[in-house]
Amino acid sequence: MEKNSSDNFVSDIHDEDYKTKYFEPLIDHNSLIYDINREKESLNGSWNFQIDQYDTFLRASWYKNKKEDQGGREYPQDHDFNNWEEIKVPACWNTQSDKYLYYEGPAVYSRDFKYINHGEKRVFLKLGAANYDSYIFLNKKFLGHHQGGSTPFMLEVTEELEKENSLQIVVDNTRRREAVPTTNTDWFNYGGLYRDVELLRLPDSYIKDFSLSLAEDSLTELDFGVEVAGLISAGEAELKIPELNIEQTITVKNGSGKIIFAAQPELWSPDNPKLYKVIVSFGRDKIEEEIGLRQISVQGRDIYLNGEKIYLKGISTHEESVSSGKAVTEAEIIENIKLAKEMNCNYIRLAHYPHSYQVAKIADQMGVMLWEEIPVYWAIDFANPMTCQDAENQLLELIKRDHNRASVIIWSVGNENQDTDQRLKFMSDLVKKAREVDPTRLISAACLVDEENNRIADRLTEYLDIIGQNEYYGWYEPDFSKLSDCMENSKPDKPVIITEFGAGALSGERGTKDDLFTEDYQLQVYQKQTEVLDDIEYIKGLSPWILFDFRCPRRTNKYQKGYNRKGLLSADKSHKKLAFYEMQRYYSKK
Ligand code: GCB
């Protein structure tokens, strides 16, 4: 018989399949409980931290923290959670110390916390996001694994909690071919617990989810749905919207209830970001939220907001700041939206993965429409069913998180993927899924130009409500005259938004209009682009690439130095490039 006893202290060195035991339970979108605006306890702050290049925590089951063998003899320990260096949560480890800037791989976070029951019956641990794989261990027990670097997840810890608790989370940002995104992207691969870690205490029956929106095809009816979980799955839920004098009782059976009723709400729009206080209760559980009501639709080649034609005056952004990496602060989110508004935008494309839930929350309040996207980016492993499952799960986690945000008008299922049969199946399935779970929004994706015929012709466009079209005439395609040809060669039967165009420019770099990487060259590209696109009847919006410069390891020339310089502002946002003012002018007259 092969000897591989787990009691043998060194057996792990022979086990190269050590990871399989951590694959399940896989935490997915089903774990999410509606938590926005709920009272939670923060486990943010100072955690002990250790990069773990050889993955020894998982290999050697460090979480068991075995101190003695059966005979009471002391084992030598290769770790010491409480004496590891301290690091901030939430944060990307890359920004915490120079020595972690380029680290990719597993790292272990550890902290202790006290727990005393205050009458709650269920307790859940929530992670706002951790890039990319996370493995959760509480009090020497493995609780689950989550994959996907930008969406929230939760797990129940009711049974595992003790008075004194020891929590370890392994976060691994190793780029993987089969992951979503895959190994190659045009942005920086930050790592860590970079959004809030929290505890949620709930009664034995609780509101798992609820949605409130205008009913389909109506501006004078509301559609409310509620899902409950726990001990009791039937009864009555209540919905109150005091300002509208609405008090509805909803019958809940088998965990869910739904009602459509007449109402005359003031509608949400960027010009009038009206939010209503909404109170949902079931048994002893209650959630108070601020929700906007609006309708977004497409007819022919037009986009309508609340029944009126709109043009999406937008800009793309990454989730990044020089000091915080992906762990952007509330102040930075507000700053970005203010900058977009200063440019006269009514719309922002959040590329290329789910940004913090706070962006949509703040956009609801400040009045700006949003495109939200999952990182089905470039050469995804489209043939792999596990990859497909991962992408679908990220989509569902995003939709569950933000489905009550009026600002979010578009779900994007990806960006610049080659038009192959496998990709068409993969992404059209995502489109169908998004539409099935959320009929109140438009579905899109940012597509590539059919270069051979110089036209908009991606087969995925057939499935979309709005065609997102990236094009780089004047940059990757230096022959600018091809832009109008492309527009003429295309006969889309639905609205098109130019999801990207742009050109690189180092802040302050000046030159002739032929000098690449100068602000002057970039300005010229913006002038020519807007001039041509202005005349195209089916173009119903723009989100040029991109609000500010961002870190990108693929960009190494003397202007770039590790940054993509297509921003309209410098990475630290202290300098507005000439093209910023060009877009500001263009949008003000549009
Ligand atoms: C694109 C990608 C975006 C890149 C950009 C660029 O088409 O969608 O992620 O950063 O081009 O700068 O090349």
Side-chain angles (χ1 to χ4, degrees), residues 149-150 175 179-190 314-320 326 348-355 371-380 410 412-419 423 427 444-451 454 456 458 460-461 464 466-478 480 482-483 486 496-507 509 516-519 521-522 525-526 529 533 541-557 559-571 577 579-580 583:
S150 321
R175 285 170 293 121
V180 184
T182 182
T183 42
N184 187 31
T185 68
D186 198 48
W187 66 86
F188 191 83
N189 180 34
Y190 289 97
I315 185 71
S316 297
T317 66
H318 263 295
E319 179 177 56
E320 188 179 72
K326 276 179 73 60
I348 300 178
R349 174 185 180 209
L350 304 180
H352 281 300
Y353 39 73
H355 295 206
W371 155 303
E372 295 200 337
E373 184 163 310
I374 52 166
V376 176
Y377 183 91
W378 290 355
I380 293 288
I410 298 170
S412 162
V413 297
N415 180 81
E416 290 190 349
N417 319 93
Q418 249 189 336
D419 191 357
R423 171 275 191 161
M427 290 181 71
S444 191
C447 301
L448 289 163
V449 173
D450 165 11
E451 276 183 21
N454 194 28
I456 299 171
D458 189 317
L460 184 66
T461 60
L464 306 174
I466 296 187
I467 300 171
Q469 186 62 58
N470 291 359
E471 49 89 358
Y472 278 91
Y473 297 96
W475 190 251
Y476 297 121
E477 173 48 75
F480 196 82
K482 282 189 171 175
L483 174 59
C486 173
V496 175
I497 352 183
I498 300 297
T499 27
E500 289 180 30
F501 69 78
L506 181 64
S507 283
E509 191 75 17
L516 296 177
F517 291 100
T518 61
E519 288 195 30
Y521 187 91
Q522 186 190 44
V525 168
Y526 272 74
Q529 283 276 353
L533 297 173
L542 308 175
S543 53
W545 195 250
I546 184 170
L547 187 59
F548 46 83
D549 295 351
F550 57 96
R551 243 183 215 292
C552 179
R554 302 169 65 246
R555 313 275 176 183
T556 60
N557 76 23
Y559 305 104
Q560 298 167 322
K561 299 200 165 114
Y563 278 81
N564 184 315
R565 300 285 183 197
K566 295 190 190 70
L568 295 179
L569 288 109
S570 55
K577 305 182 193 173
F580 177 95
M583 277 323 284

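The structure presented is a predicted model; accordingly, all values stated were derived computationally and were not measured. For this chain, numbers begin at 1 and follow the sequence in order. For ligands, and for the atoms within them, numbers begin at 1 and follow the listed sequence.
Protein residues having a heavy atom under 4.0 Å from any atom of ligand 1 are D186, H352, Y377, N415, E416, N470, Y472, Y476, E500, W545, F550, R555, N564, K566, listed by chain and number.
Ion pairing between D549 and K577 holds under the 4.0 Å rule for side-chain N and carboxylate O.
With sequence neighbours excluded, no residue forms a side-chain hydrogen bond (donor to acceptor under 3.5 Å, both in side chains) with Q522. Every residue meeting the salt bridge (charged side-chain N to carboxylate O under 4.0 Å, His left out) condition with R423, not counting sequence neighbours, appears here in chain and number order: D419, D458. Applying the ring pair (Phe, Tyr, Trp, His ring centres under 6.0 Å) rule to W475 yields the partners F517, Y521; only residues at least two apart in sequence or on another chain are considered.
Test Y377, Y190, W187 against Y353 for ring pair (Phe, Tyr, Trp, His ring centres under 6.0 Å) and you get one pass: W187.
Between H318 and H355, the ring center distance fails the sub-6.0 Å criterion.
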